[in-house]
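Structure record follows, encoded as structure tokens.
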Amino acid sequence: MKSLVAMTYYQLMHSIALALTFDEKPNLYFSMDFLNPDEVLLERIAGTGVFNEVRGITWRGEFPELVKELRKTYEAPEEVIDELGSSLFDKYLEPQYEEDFANADKDDEIFVYNDFQYHYYYICNHFENIVGVEDGYGSLQQQIGIHRFKGDKERLEPFIEKGYYPEPLYRHEKVKKIISSTDFEDLDEYYRSKLVVWDYKDIVAQNEEEFKKALLYIFDVENMGITGNSSLYLGQPLDRSRYCNAVENYLLCRKIIRNENNDGLNVYYKPHPAERNDSRVYGSENAKVLPKDFPVEVFNYQDQKFDRLVTFGSTGASIATCAKDSRVYFTKTDFTRKDVTNAIKEEVADEKLAISLFIKVKELTPETYVNVYSCIFRKAYVKTSLYLLIPQGCSEEYKEYFDRKHLRDRVSEYKELISGTKEEKLWHKELGWIKTWLDRYDPYIEFCEVSSYDDWSIYREVICNRKDYDYLMLLDEGNPGFALTNEISGSLRARIHPVIFFRLQTTITNEKNRPVKIALNPGYLGDYYNGEIINKVWHREVLRRFDEEGEITREKLGLLTADYIGYIRKREDFTLNVSADRFFEIEDGKSYYSEQVKQIISEKTEDTEDVTNGRLANAVYDYYDWIIVNGASPFTLFTSAVVEDLIEDKEYQFEVFRIFADAMLKDRAVSNSRGLIQEINFYQGMKPLIDKAAEKGILTRMENVQRVKNKIGIKRRIKGMYRRIIK
């Protein structure tokens with residue numbers, strides 16, 4: 001019985017077509033590391049009846065201990081690599097994949113679509129007849145030219161050089177042949193001797209009706225609402241593949257969509273499954289964003305025809321038959337990584353990320369003047385526009401006061417005002433820069449009269465009809481603009497979010513002589529939301545959608561969050577609407593969860609002591625979330641206070657503290673905060689006191705970094721209890 005190992009939607013399609021040519025049904029092993037889909041996908045694949053068995057393998061983040069050990073080998077000398085040999089891989093990979101491939105026939109052929117994942121180590125050790133299948137449409141040659149390991153997998157390279165880990169790109173003695181859709185002119189002898197040209201279209205054609213039936217059973221795309229005069233745009237994860245950064249990828253997509261609209265075509269943007277930017281920022285009145293969890297090739301088997309298929313350089317364009325015409329921006333076939341990077345930079349050279357800052361200006365003071373002009377971005381890829389929101393009937397007075405010709409005088413006045421105060425240190429470098437910015441930057445500045453300083457009134461009077469920006473931010477005149485704008489630009493360069501929420505917590509630090517630090521929790525609708533627009537960075541289309549829903553209430557937040565959830569730090573995705581729906585029904589959280597606590601304690605027996613403690617911990621979690629959803633700031637709310645508020649019995653309080661401490665220890669490996677790691681190291685010293693309270697699966701919920709920081713508040717309580725126990 002043959003086996004196939006795939007990890008993308010295209011590879012799944014190829015696997016289906018290939019499996020239908022076999023004499024008996026093969027096993028399919030779907031690596032979940034790349035797409036991270038749910039079990040429903042596997043069930044639907046199995047439901048086609050094409051495969052004997054369908055099994056998901058290599059879930060994202062499956063080998064944290066191996067990664068941790070590999071990191072220790074960074075720049076290790078040869079003798080260390082030789083001493084380790086294959087031991088790390090035998091220890092961590094062998095047991096996992098022995099179970100995953102338990103039903104595989106190791107003597108028959110195994111078709112491997114990707115040899116960059118950890119399962120390739122096990123396959124090379126245990127299967128004798130490996131068939132490599134190129135990852136893409138005739139892209140084997142490009143893969144050879146541009147392949148490199150990324151991230152933690154770079155640590156594998158010394159082991160590959162020593163022969164302790166199989167060489168990638170199918171350069172292993174057990175690889176008997178390599179299937180490619182096309183032939184190549186310049187392949188070396190190794191590939192030439194193993195290459196088998198078997199075109200994907202020919203494979204499909206052998207059993208086309210069965211293939212189509214299976215594909216449409218897995219991916220239901222019958223009712224996408226496609227209209228005439230349309231362009232299908234295939235997105236690519238160019239920033240994730242490190243050809244460019246997130247902003248450049250965004251600017252490229254925006255430009256391509258604009259070009260299609262200028263040709264009179266409505267755009268249907270199909271994000272790549274590995275898209276890092278939140279694809280919903282590309283939506284507009286003339287651009288609809290399609291789901292990303294299906295292969296675009298499914299459209300080949302629909303009656304709908306697009307007028308044009310457009311892409312920067314997706315290999316999917318080569319076999320698409322769902323469009324009358326095509327436009328491919330990058331057409332070079334024999335290219336290097338640098339070729340792609342340069343082509344992207346050339347396309348977006350004249351593009352800017354447009355950010356409009358709407359600033360409520362109520363007072364004519366040197367401080368307000370400085371705050372306004374400190375909002376200027378100093379990034380080459382950003383265009384800043386300032387809109388000063390002023391009272392009606394005061395236009396001439398405000399225009400005169402905020403005229404740029406007064407900049408040096410206003411800065412000097414402000415420096416005199418703050419001399420000898422803590423603000424002097426705060427503004428030390430910024431004031432020096434502001435006095436010279438006229439020579440370097442010429443932002444667009446406009447004065448807008450408003451009838452009210454209410455957020456939504458400003459939006460509807462001034463903001464909503466403007467189309468010339470990507471992001472907007474509504475600020476009041478007292479914000480330290482330089483800190484906010486630096487945080488904004490830094491966050492967007494890493495990843496494009498639909499909305500960025502700032503935690504308005506100001507702390508003192510000596511870092512780089514800049515004592516103000518704005519705590520940032522970017523990219524998603526956070527733990528709480530009060531319905532205000534101010535102090536958040538909104539993408540234009542997201543805010544438009546919010547406005548369509550009317551002024552935001554907590555009850556509406558759940559639905560909106562489901563549509564616009566973005567970046568989550570953990571492996572498990574978390575959407576607030578799941579919690580919100582549950583918590584909105586609870587009017588008095590204290591009474592509700594106190595009753596739960598009493599019920600849990602009353603059901604305790606000797607056999608269920610650990611279970612009781614775990615249930616109490618989960619009740620505290622829920623009560624904490626109820627408080628946050630109902631408006632409390634997580635910066636002022638420590639879990640220790642919630643425990644004491646909910647649980648009166650000191651013994652149970654301590655047991656719950658121990659569970660939280662254990663959870664914090666588990667989070668140590670995923671934290672990037674030095675300060676937080678130092679705090680967690682405190683708990684490491686008391687690990688003997690922390691039993692495995694979650695041993696029976698009591699506490700499996702993973703924490704996000706901010707919540708762990710909140711739990712730092714239990715440090716003194718545990719330390720005091722620790723001393724009492726020692727005595």
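Quick note: residue numbers are just sequence positions, from 1.
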- Item | Pair R258-N262, side chain to side chain contact (heavy atoms under 4.5 Å, CB included): steps then yes or no | CA-CA 6 Å; R258 185 178 67 237; N262 290 342; 3.9 Å; yes

Does some side-chain heavy atom of [Y] sit less than 4.5 Å from a side-chain heavy atom of [X]?
X: F299; Y: F294; result: yes
X: K405; Y: E400; result: yes
X: Y233; Y: E260; result: no
X: E413; Y: L417; result: no
X: V289; Y: P271; result: yes
X: I463; Y: Y469; result: yes
X: Y387; Y: R466; result: yes
X: M473; Y: I355; result: no

Find the distance between [atom1] ([X]) and [atom2] ([Y]) and round it off to the nearest 0.5 Å.
X: N229; Y: R308; atom1: CG; atom2: CZ; value: 11.0 Å
X: N342; Y: C244; atom1: CG; atom2: SG; value: 12.0 Å
X: S231; Y: D263; atom1: OG; atom2: CG; value: 8.5 Å
X: S452; Y: E461; atom1: OG; atom2: CD; value: 7.0 Å
X: Y369; Y: L407; atom1: OH; atom2: CG; value: 4.5 Å
X: D339; Y: I344; atom1: CG; atom2: CD1; value: 11.0 Å

- Message: Is there a ring pair (Phe, Tyr, Trp, His ring centres under 6.0 Å) between Y398 and F447? Walk through the geometry before answering.
- Response: CA-CA 8 Å; Y398 277 76; F447 291 84; 7.7 Å; no

- Task: Walk me through it: do N266 and K288 pass the test side chain to side chain contact (heavy atoms under 4.5 Å, CB included)?
- Result: CA-CA 8 Å; N266 293 315; K288 178 181 178 181; over 6 Å; no

- Message: With a sphere of 6.0 Å drawn around CG of D350, does it hold more than 12 non-hydrogen atoms of other residues, nucleotides or ligands?
- Response: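 Atom CG in D350 is not crowded, with 12 or fewer foreign heavy atoms closer than 6.0 Å.
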
- Query: Would the number of heavy atoms belonging to other residues, nucleotides or ligands and lying under 6.0 Å from CD of E285 be above 12?
  - Reply: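 No, CD of E285 has 12 or fewer neighbouring heavy atoms, counting only those of other groups under 6.0 Å.
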
- Note on the structure: Residue set satisfying salt bridge (Lys or Arg N to Asp or Glu O under 4.0 Å) with K399, at least two apart, ordered chain then number -> none

Return the minimal non-hydrogen interatomic distance between [X] and [Y], and the atom names on each side.
X: L232; Y: K270; value: CD1-CB, 4.3 Å
X: V450; Y: L389; value: CG1-CD2, 4.1 Å
X: V361; Y: V372; value: CG2-CG2, 4.1 Å
X: R404; Y: I445; value: CD-CD1, 4.1 Å
X: E248; Y: K345; value: OE2-NZ, 2.8 Å
X: C394; Y: E449; value: N-OE2, 4.1 Å

Would you confirm whether [X], through its side chain, and [Y], through its main-chain N or O, come within 3.5 Å as a donor-acceptor pair?
X: T368; Y: L364; result: no
X: S419; Y: E416; result: no
X: Q236; Y: G313; result: yes
X: N261; Y: N286; result: yes

- Does R254 count as lying over the ring of Y282, i.e. NZ or CZ under 6.0 Å from the six-ring centre, within 45 degrees of the axis?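 The answer is no; the distance or angle limit is not met.
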
- Query: Any Lys/Arg nitrogen of D403 or R410 sitting under 4.0 Å from an Asp/Glu carboxylate oxygen of the other?
  - Reply: no

- Answer yes or no: is there an ion pair linking K292 with E275, defined by an N-O contact shorter than 4.0 Å? no

- Task: For the pair F330 and E347, evaluate side chain to side chain contact (heavy atoms under 4.5 Å, CB included) and give the outcome as yes or no after the intermediate values.
- Result: CA-CA 10 Å; F330 185 78; E347 284 291 340; over 6 Å; no

- Query: Can you tell me if N245 and Y381 form a side-chain donor-acceptor pair at under 3.5 Å?
  - Reply: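 Judged by distance alone, the side chains do not pair up.
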
- Message: Is a donor from one side chain sitting under 3.5 angstrom from an acceptor on the other, for Y329 and N259?
- Response: yes

- Message: The test is side chain to side chain contact (heavy atoms under 4.5 Å, CB included); show your working for F306 and L265 and say whether it passes.
- Response: CA-CA 10 Å; F306 295 91; L265 297 175; over 6 Å; no

- Query: Between N277, D239, D470, D278, which is the residue that forms a side-chain hydrogen bond (donor to acceptor under 3.5 Å, both in side chains) with Y250?
  - Reply: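 Going through the options one by one, the only one that passes is D470.
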
